[in-house]
S.K.: 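Dumping the structure here so I can ask a few things about it.
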Number of protein chains: 2
Amino acid sequence: MRISALAAEAGMPVATVKFYLREGLLHAGTPTSATQAVYDASHVRRLHLVRALLGSAGLSVQQARTIVAVIEAPGDDLYHALGRAVGALPPTPAVPAAAADGGEPFPRARAALESLGQVYDPDFAAVAQLESALASAEAAGLPVDDERLEQYGRHLAALAEFDLDRLPADPASAVEYTVLGTALHEPVLLALRRLAHQDAAVRRLQARPENG
Amino acid sequence: MRISALAAEAGMPVATVKFYLREGLLHAGTPTSATQAVYDASHVRRLHLVRALLGSAGLSVQQARTIVAVIEAPGDDLYHALGRAVGALPPTPAVPAAAADGGEPFPRARAALESLGQVYDPDFAAVAQLESALASAEAAGLPVDDERLEQYGRHLAALAEFDLDRLPADPASAVEYTVLGTALHEPVLLALRRLAHQDAAVRRLQARPENG
DNA sequence: CGTGATTGGATAGTACTGCTCTCCATTATT
DNA sequence: AATAATGGAGAGCAGTACTATCCAATCACG
């Protein structure tokens, strides 16, 4: 399969495939000469993955590149591979402040995790994301109280257990499963949450028709 | 309070405040003459909200404008206000296809909602988002099976109940609470999920040290 | 009352991103 | 030998979130 066939298979212009090649999102084909290479099913699969990461998961090219790199070279260490991958997922930076003033860098996140009985590793990017999200919500006038944090944490821990129960035994597959699961299931989760809110709202309005 | 004081209060350049004014993200101040206006605490609050929406929540200016508009003119109808607001949240469109071929536009989403016993309203944007997210995950080689959908749905329904239990009685406050909660709690939710995954992974690796 | 600073308002410019287009020498196909 | 396609690289383009410049009107101050 050459590049035009690959592009047709994945349903995108050849120029875009070339762009992904240049950006390191798609591994090179096997060259058959100085100006020709053949691609196989792994390239088709990768293109679908890249489309999902850039489209539905809403990642930037840079972020997707990190994810793809982790999947290509997982390194047998699920914990650090997951750490690297999660660090690349949005919301990305957004937390430059409050880190260097000597004090606790992530006070809210730390308190939350401790009250949930979860590990607290300040190097894990999601800790900074949590801190930033809590600070933003508070700044916008909608602080997240302890009870809500507790509720959210418990339900998400249950879901995490469910996800981890399905972890493949093979370490390389485990990394890919976890990384892709983190990135690709998030949109599903958010959509389901919005729908659950809608459903709950409808039920309440039916129960109290004076508000509908 | 004039514009420079407002900008200082909110911690951003005057040019940015002017930009938000132009983009309809910030309501105008009360003019005291042809070239002067005064701003109050509501403007400071709004700027914090806008920063949270554009920053932590990751919205575009366009999306934030819709949210702000819903909050300013909620219209007493929580269901439709929520619908308008959620329609503006990312991931935004991404689902132009499969809608006009006469068949069911969102088969996966519909099946999921019916098996969860939730309302199915194809006009609700989150339905399209769910369909798109499920299709993307499947295209990337990580299909979401019924059991996972069921689990996710149940836990998120429980969280939605929790959120709705805290709904303010006043309709205008209810809309603002719901809309902001949808937008601003999502980053919290995602961060907590990633942390729960990390925590669960650590526990499993400790239990099976041959994989760490 | 006059002079310099500030304001609201508009226009243009910037930096970045995700493609998309064009070009080219080399190679495959006929 | 003629035509077409390829890999590779550079430039171009449209959109986004600001940012900077300019302007006449107005304010603050002596």
Side-chain angles (χ1 to χ4, degrees), chain A residues 1-40 43 47 49-68 88-94 96 136, chain B residues 1-40 43 47 49-68 88-94:
Chain A
M1 184 188 279
R2 287 172 300 183
I3 199 172
S4 52
L6 174 62
E9 187 89 7
M12 59 183 69
V14 173
T16 304
V17 174
K18 286 184 175 186
F19 172 70
Y20 291 161
L21 276 169
R22 244 179 302 155
E23 294 296 324
L25 296 176
L26 177 65
H27 47 296
T30 338
T32 60
S33 78
T35 68
Q36 221 93 7
V38 291
Y39 303 88
D40 57 31
H43 295 87
L47 285 178
L49 170 61
V50 169
R51 276 318 313 155
L53 292 177
L54 296 186
S56 164
L59 304 196
S60 71
V61 165
Q62 170 108 273
Q63 293 161 341
R65 181 161 42 222
T66 303
I67 302 286
V68 158
L89 294 173
T92 344
S136 279
Chain B
M1 185 189 277
R2 286 171 302 183
I3 199 172
S4 51
L6 174 62
E9 186 90 5
M12 59 183 68
V14 173
T16 303
V17 174
K18 286 185 174 185
F19 172 69
Y20 292 160
L21 276 168
R22 245 177 301 147
E23 294 295 326
L25 296 176
L26 178 66
H27 46 295
T30 338
T32 61
S33 78
T35 69
Q36 221 94 7
V38 292
Y39 303 88
D40 57 33
H43 295 89
L47 284 178
L49 169 61
V50 168
R51 279 316 317 154
L53 292 177
L54 296 186
S56 165
L59 303 196
S60 69
V61 166
Q62 170 108 271
Q63 292 161 342
R65 180 162 41 223
T66 303
I67 302 286
V68 158
L89 293 172
T92 344

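Chain letters run A, B, ... following the sequence lines, proteins first, then strands; residues in each count from 1.
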S.K.: So B:L54, base contact, sugar-phosphate only, or nothing? Heavy-atom distance under 4.0 Å.
M.R.: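 Since only primed, P, OP1 and OP2 atoms lie under 4.0 Å of B:L54, the category is sugar-phosphate.
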
S.K.: Rounded off to whole Å, could you give me the NE2-to-C1' distance for the B:H27 and C:dG8 pair?
M.R.: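 Answer to the nearest Å: 16 Å.
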
S.K.: Between B:T16 and D:dT19, does any side-chain N or O lie under 4.0 Å from OP1 or OP2?
M.R.: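 Yes, within the criterion.
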
S.K.: In whole Å, what is the span from the CG atom of B:L59 to the C1' atom of D:dT16?
M.R.: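 Computing the B:L59:CG to D:dT16:C1' distance gives 14 Å.
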
S.K.: CE of A:M1 versus P of D:dG7: gap in Å, rounded?
M.R.: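 My rounded result for the distance is 13 Å.
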
S.K.: Quick one: A:L25 CG to C:dG18 C1', roughly how many Å, whole number?
M.R.: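 Distance check: A:L25 CG to C:dG18 C1' gives 11 Å.
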
S.K.: Can you tell me if A:Q63 uses its side chain to pair, donor with acceptor, with the backbone of A:S60 under 3.5 Å?
M.R.: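 Looks like yes, one N/O pair under 3.5 Å.
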
S.K.: Could you report the tightest heavy-atom contact between B:G29 and B:A37, atom names first, then the distance?
M.R.: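 For B:G29 versus B:A37, the nearest heavy atoms are C-CB, 4.1 Å.
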
S.K.: Bend angle of the helix from C:dC1-D:dG30 to C:dT30-D:dA1 from five-pair axes at both ends, rounded to 10°?
M.R.: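 What I find for the helix from C:dC1-D:dG30 to C:dT30-D:dA1 is an axis angle of 0°.
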
S.K.: With a 4.0 Å cutoff (strictly under), does any side-chain N or O of A:R51 reach OP1 or OP2 of C:dG18?
M.R.: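 For C:dG18, neither OP1 nor OP2 has a side-chain N or O of A:R51 closer than 4.0 Å.
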
S.K.: Enter the distance from A:L6:CG to A:L47:CG here, rounded to the nearest 0.5 Å.
M.R.: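 Answer for the CG-CG pair, A:L6 versus A:L47, is 5.0 Å.
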
S.K.: If only side-chain N and O atoms of B:Y20 are considered, is one of them under 4.0 Å from the OP1 or OP2 phosphate oxygen of D:dC18?
M.R.: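 Yes, within the criterion.
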
S.K.: Compare the minimum distances between each of C:dG8, C:dT7, D:dA17 and the side chain of B:S4, then state the nucleotide with the smallest one.
M.R.: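 My answer, after comparing the listed nucleotides, is C:dT7.
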
S.K.: Report the distance from atom OG1 of B:T30 to atom CG of B:D40, rounding to the nearest 0.5 Å.
M.R.: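 Atom-to-atom, B:T30:OG1 and B:D40:CG are 6.5 Å apart.
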
S.K.: Specify the separation, in whole Å, of atom CG of A:L6 and atom P of D:dA5.
M.R.: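 Interatomic distance, CG of A:L6 to P of D:dA5: 17 Å.
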
S.K.: Take atom CD1 of B:I3 and atom P of D:dT19, then tell me their distance rounded to the nearest Å.
M.R.: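 In whole Å, D:dT19 P lies 14 Å from B:I3 CD1.
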
S.K.: Ignoring backbone atoms, establish whether A:T35 has a side-chain N or O less than 4.0 Å from OP1 or OP2 of C:dA25.
M.R.: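 So the side chain of A:T35 is outside the cut-off, no N or O lying under 4.0 Å from OP1 or OP2 of C:dA25.
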
S.K.: Show me the donor-acceptor pairs within less than 3.5 Å that the side chains of residues 13-28 of chain B make with the rest of the protein, sequence neighbours left out.
M.R.:
residue : atom : partner : partner atom : Å
B:Y20   : OH   : B:R51   : NH1          : 2.6
B:E23   : OE1  : B:R65   : NH1          : 3.1
B:H27   : NE2  : B:S42   : OG           : 2.9
B:H27   : NE2  : B:H43   : NE2          : 3.4

S.K.: So, is B:S33 close to the C:dT7 phosphate, meaning a side-chain N or O under 4.0 Å from OP1 or OP2?
M.R.: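 False: B:S33 side-chain N/O out of range (4.0 Å or more) of C:dT7 OP1/OP2.
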
S.K.: Whole angstrom is fine here: how far is it from CG in B:L21 over to P in C:dT7?
M.R.: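 Atom-to-atom, B:L21 to C:dT7, this comes out as 13 Å.
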
S.K.: Nearest heavy atom decides the nucleotide; on that basis, is A:R2 or B:F19 closer to the 5' end of DNA chain D?
M.R.: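 First, find each residue's nearest nucleotide; the 5'-ward one identifies A:R2.
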
S.K.: Answer with yes or no whether B:R22 presents, from its side chain, a donor or acceptor under 3.5 Å of a partner atom in the base of C:dG8.
M.R.: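 No such pair is found, so the answer is no.
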
S.K.: Taking CE from A:M12 and P from C:dG18, how many angstroms apart are they, rounded to a whole number?
M.R.: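 Result: 15 Å.
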
S.K.: Taking the nucleotide of DNA chain D with the nearest heavy atom to each, does B:V61 or B:Q36 sit closer to the 5' end?
M.R.: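 Its nearest nucleotide being more 5', the pick is B:V61.
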
S.K.: Once you apply a heavy-atom cut-off of 4.0 Å, does B:R65 come out as touching a base, just sugar-phosphate, or nothing?
M.R.: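 Touches nothing.
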
